[in-house]
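First the structure, in the form of structure tokens, and then the observations on it.
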Amino acid sequence: MKFEITSRSKRARTGVITTPHGMIETPAFIPVGTKADVKTLDIKDLHELKAPAVLANTYHLYLRPGPDLIEKFGGVGEFMGWDGPTFTDSGGFQVFSLGFGLEHGVSKVSNIFPAEEKQSRVLSGQDPKPRKKLFKIDEDGVNFVSHLDGSKHRFTAETSIDIQQKLGADIIFAFDECTSPLHDKQYTEQAMFRTHDWAKRSVQAWTNREKQALYGIIQGDAYEDLRKKSTEYICSLDTPGIAVGGSLGKSKNDMFDILDWTLPITPEERPRHLLGIGEIEDLFTASARGIDTFDCVSPTRIARNGSVYVSPAEGGNPKNKFNINIRAQKYAQDSGPIDKDCTCFTCLNHTRAYIRHLFASGELLAMRLATLHNLHFVFGLMEDIRGAIRGDSLKNLMSEWGIDDKI
RNA sequence: GCAGGGUUAGUGAAGCGGUCAAACACGUCAGACUGUAAAUCUGAUGGCUUAUGCCUUCGUAGGUUCGAAUCCUACACCCUGCA
């Protein structure tokens, strides 16, 4: 992998990541294809959308169909028939989402209000309805039971890297522990040190350096000293790229702070990936802070659940100005496209009324059309962001979108 | 014509004297979703100037009872046997 910065505008930059499977213009949004497919889409769709890459998942592909089988087929990309760049996540996120996250019903950005109250209940063991977690963490690694069949397994830094080398993605991630916004500082610090140890071991286990680029992952939640310490340590390791991971706090402001603490002290020449983030607003604010690549399930997941992106001119929902719930009754007779200015397949061919009808009827096409639209929208947005960085006008673009950011 | 069974909120269907504005399912409406256990999940769903409140509802009309969706009578419609 090679990374070249092509322009700079304040803290933002554009660049090109060159992988064995092609180039990625950055900042870029990488759609998530957990089980070696972007849900509802095929590779022809991904090509037509100009998807820059696909991010698959180590945990899921390890359980099924298994890394040895994928290796026989020449890696995830070959296996799925995708000739573009690929990423694999390390499985670290599942340690969280199927562990603490499942147990206490939290995601990586806490949306629980009031978060402090929930946090104190969880920390004092007063959470009223904990569920049985599937992962148990120790210093050396993680024991877990498969969510598919209950079988017992163990991941360590070494096994994660070994699996990822068999999966063969162009960009791979160190095995890490993603904490929750509800963990206290003491635990977060312990987890951070564990992640540092695992990162070091991930680097040692990483042997396929010609073809695969390893990214270390910065942890530390929303604690300034921890994030800075973690950034220094992760950047001291010999990895081609750096990722910001883990819990990103209790609000968007926390996330801004985290990026402000970490990115200015990472080496400029290494590409920076922001794990699991990618709502419309975030793509602007994190690009402005110097993030180069994103991955996120949001555009594809909310599409399947009936939320589709709209530009500021369309209005959007009162609570979320960048999307509308296309299932709503008020669109039943709407003869316009999802977004007037959108040139995606869905908007060129179908009305809001038709898409709403497909959702109401439970038709699979509804999810596919919505996914095509949302990804086209996000990829177009990233192109606009890159153009704005080159033209030194990102701030203007953001104000056109009504994004108020102090940066 | 005789005998038996049935008629409950948008639909199907529980309830068979008080704790019933009425279970449950579906439907409908609204909301959530950020390194995907997610075509998932949550809430609302008789009306009201939103309430440990009032009003109207369980085929129709009467009746019994302190009290009826629940018991009785008549009527209407539907189903099943026998003529």
Side-chain angles (χ1 to χ4, degrees), chain A residues 29-40 54-61 63-64 87-99 101-102 105-113 131-135 144-150 160 171-178 181 215 217-219 243-249 251-252 255 273-283 285-286 293-307 317-320 322-325 327-330 332 356 358-371 374 378:
Chain A
F29 176 82
I30 313 303
V32 176
T34 303
K35 300 173 191 170
D37 75 311
V38 176
K39 295 185 195 300
T40 77
V54 172
L55 182 141
N57 184 270
T58 298
Y59 165 82
H60 290 279
L61 294 177
L63 289 180
R64 191 166 58 192
F87 293 50
T88 47
D89 179 34
S90 62
F93 182 72
Q94 279 65 40
V95 175
F96 161 72
S97 70
L98 298 176
L102 176 65
V106 278
S107 67
K108 64 183 265 144
V109 179
S110 178
N111 50 5
I112 298 160
F113 183 81
R131 295 178 64 182
K132 196 170 163 43
K133 60 183 176 188
L134 302 176
F135 281 67
F144 63 96
V145 296
S146 160
H147 70 282
L148 297 173
D149 61 6
S160 173
I171 292 172
I172 64 176
F173 290 96
F175 190 54
D176 69 325
E177 180 183 348
C178 177
Y215 282 41
I217 302 176
I218 297 165
Q219 287 288 344
V244 179
S247 159
L248 297 170
S251 68
K252 296 254 187 206
M255 186 166 87
H273 187 274
L274 182 54
L275 283 159
I277 291 299
E279 290 180 349
I280 298 298
E281 196 180 353
D282 307 331
L283 297 174
T285 55
T293 52
F294 298 85
D295 75 276
C296 189
V297 303
S298 186
T300 48
R301 181 189 287 167
I302 70 172
R304 272 175 276 124
N305 294 330
S307 292
N317 285 336
K319 283 185 188 168
N320 188 340
F322 300 122
N323 69 48
I324 60 171
N325 176 4
R327 294 168 308 163
Q329 173 63 40
K330 62 183 166 186
R356 184 195 117 86
L358 294 177
F359 269 108
S361 308
E363 286 296 302
L364 295 175
L365 183 57
M367 290 182 276
R368 182 173 144 70
L369 292 176
T371 302
N374 279 5
V378 169

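All values reported here derive from a predicted model rather than from experimental measurement. Reminder, nothing fancy here: chain letters follow the sequence lines and each chain counts from 1.
Between B:G35, B:A37, B:A38, one nucleotide has an atom nearer to the side chain of A:H147 than all others, and that is B:A37. Checking B:A39, B:U34, B:G35 against the side-chain heavy atoms of A:R304 singles out B:A39 as nearest. The side chain of A:Q94 has B:A37 as its nearest neighbour among B:C33, B:A37, B:U34. Between B:U34, B:A39, B:A37, one nucleotide has an atom nearer to the side chain of A:R131 than all others, and that is B:A37. Here the nucleotide nearest the side chain of A:L364, chosen from B:G35, B:A39, B:A37, is B:A39.
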Side-chain donor-acceptor contacts of residues 293-300 of chain A below 3.5 Å, not counting sequence neighbours, with atom names and distances?
from   : atom 1 : to     : atom 2 : distance (Å)
A:D295 : OD1    : A:H273 : NE2    : 3.3
A:D295 : OD1    : A:G276 : N      : 3.2
A:T300 : OG1    : A:V297 : O      : 3.0

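A 3.5 Å limit on both hydrogen-bonding distances identifies no Watson-Crick or G-U partner for B:A21.
Under a 3.5 Å cut-off, the side chain of A:K108 and the backbone N or O of A:L275 do form a donor-acceptor pair.
Among residues two or more places apart in sequence or in another chain, the ring-ring contact (aromatic ring centres under 6.0 Å, His included) test is passed with A:F93 by A:F96. With sequence neighbours excluded, no residue forms a salt bridge (Lys or Arg N to Asp or Glu O under 4.0 Å) with A:E281. Among residues two or more places apart in sequence or in another chain, the side-chain hydrogen bond (donor to acceptor under 3.5 Å, both in side chains) test is passed with A:T34 by none. Every residue two or more places apart in sequence or in another chain was checked for a salt bridge (Lys or Arg N to Asp or Glu O under 4.0 Å) with A:K35, and none qualifies.
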Please write out the pairs of protein N or O atoms and N or O atoms of nucleotides 28-31 of chain B separated by less than 3.5 Å, giving the distance to one decimal.
from  : atom 1 : to     : atom 2 : distance (Å)
B:C29 : OP1    : A:Q329 : OE1    : 2.9
B:C29 : OP1    : A:R356 : NH1    : 3.4
B:C29 : OP1    : A:R356 : NH2    : 3.3
B:A30 : OP1    : A:Q329 : N      : 3.1
B:A30 : OP2    : A:Q329 : N      : 3.2
B:G31 : OP2    : A:N325 : ND2    : 3.0

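Nucleic acid contact class of A:N57 (heavy atoms, under 4.0 Å, all strands): sugar-phosphate only.
Side-chain N/O atoms of A:T300 and base N/O atoms of B:U36 include a donor-acceptor pair closer than 3.5 Å. Taking 3.5 Å as the limit, the base of B:C33 and the side chain of A:S307 contain a donor-acceptor pair of atoms between them.
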